[in-house]
Amino acid sequence: MKKISFDNYEIAQITESDKRRIQELEKSISSSLRKDVVLIAYQSKCANTGRSGIIC
């Protein structure tokens with residue numbers, strides 16, 4: 001498994017609705033895989049960086 005650096009990221013600021021949707025998705029994936037699954041919402045520390053890590 002490839003090691004990923006999260007040095008340029010921080011925990012994302014998300015709504016309660018988003019948190020509920022993430023938890024529902026975790027349960028769905030966990031159920032289908034029969035494994036524990038944790039999804040993490042993060043955002044770039046740099047406001048000019050897109051989701052791919054490329055500066056916009």
Side-chain angles (χ1 to χ4, degrees):
M1 183 175 211
K2 184 177 177 182
K3 185 175 180 179
I4 301 172
S5 171
F6 290 98
D7 293 341
N8 295 324
Y9 297 92
E10 61 191 7
I11 300 297
Q13 300 297 317
I14 60 176
T15 66
E16 287 299 319
S17 174
D18 291 333
K19 287 180 187 178
R20 284 191 296 277
R21 290 174 58 200
I22 290 170
Q23 289 170 340
E24 289 171 10
L25 186 55
E26 282 176 336
K27 287 179 187 175
S28 174
I29 295 170
S30 187
S31 176
S32 66
L33 295 177
R34 295 187 175 153
K35 296 182 184 251
D36 292 335
V37 173
V38 175
L39 301 178
I40 302 169
Y42 61 91
Q43 63 192 26
S44 174
K45 289 181 182 177
C46 175
N48 295 331
T49 305
R51 284 193 279 171
S52 64
I54 297 172
I55 297 176
C56 303

Same hydrophobic cluster for Ile22 and Tyr42, using side-chain heavy-atom links shorter than 4.5 Å among ILVMFWY?
no
Can you name the residues that form a side chain to side chain donor-acceptor pair (under 3.5 Å) with Asp36, not counting sequence neighbours?
none
Side-chain donor-acceptor contacts of residues 25-34 below 3.5 Å, not counting sequence neighbours, with atom names and distances?
| residue | atom | partner | partner atom | Å |
| --- | --- | --- | --- | --- |
| Glu26 | OE2 | Leu39 | N | 2.8 |
| Ser30 | OG | Lys35 | O | 2.5 |
| Ser32 | OG | Ser28 | O | 3.4 |
| Ser32 | OG | Ile29 | O | 3.0 |

Quick test of your reading: applying side-chain hydrogen bond (donor to acceptor under 3.5 Å, both in side chains), list the pairs with at least one residue in residues 12-25, sequence neighbours left out, ordered by first then second residue.
Thr15-Asp18, Glu16-Lys19
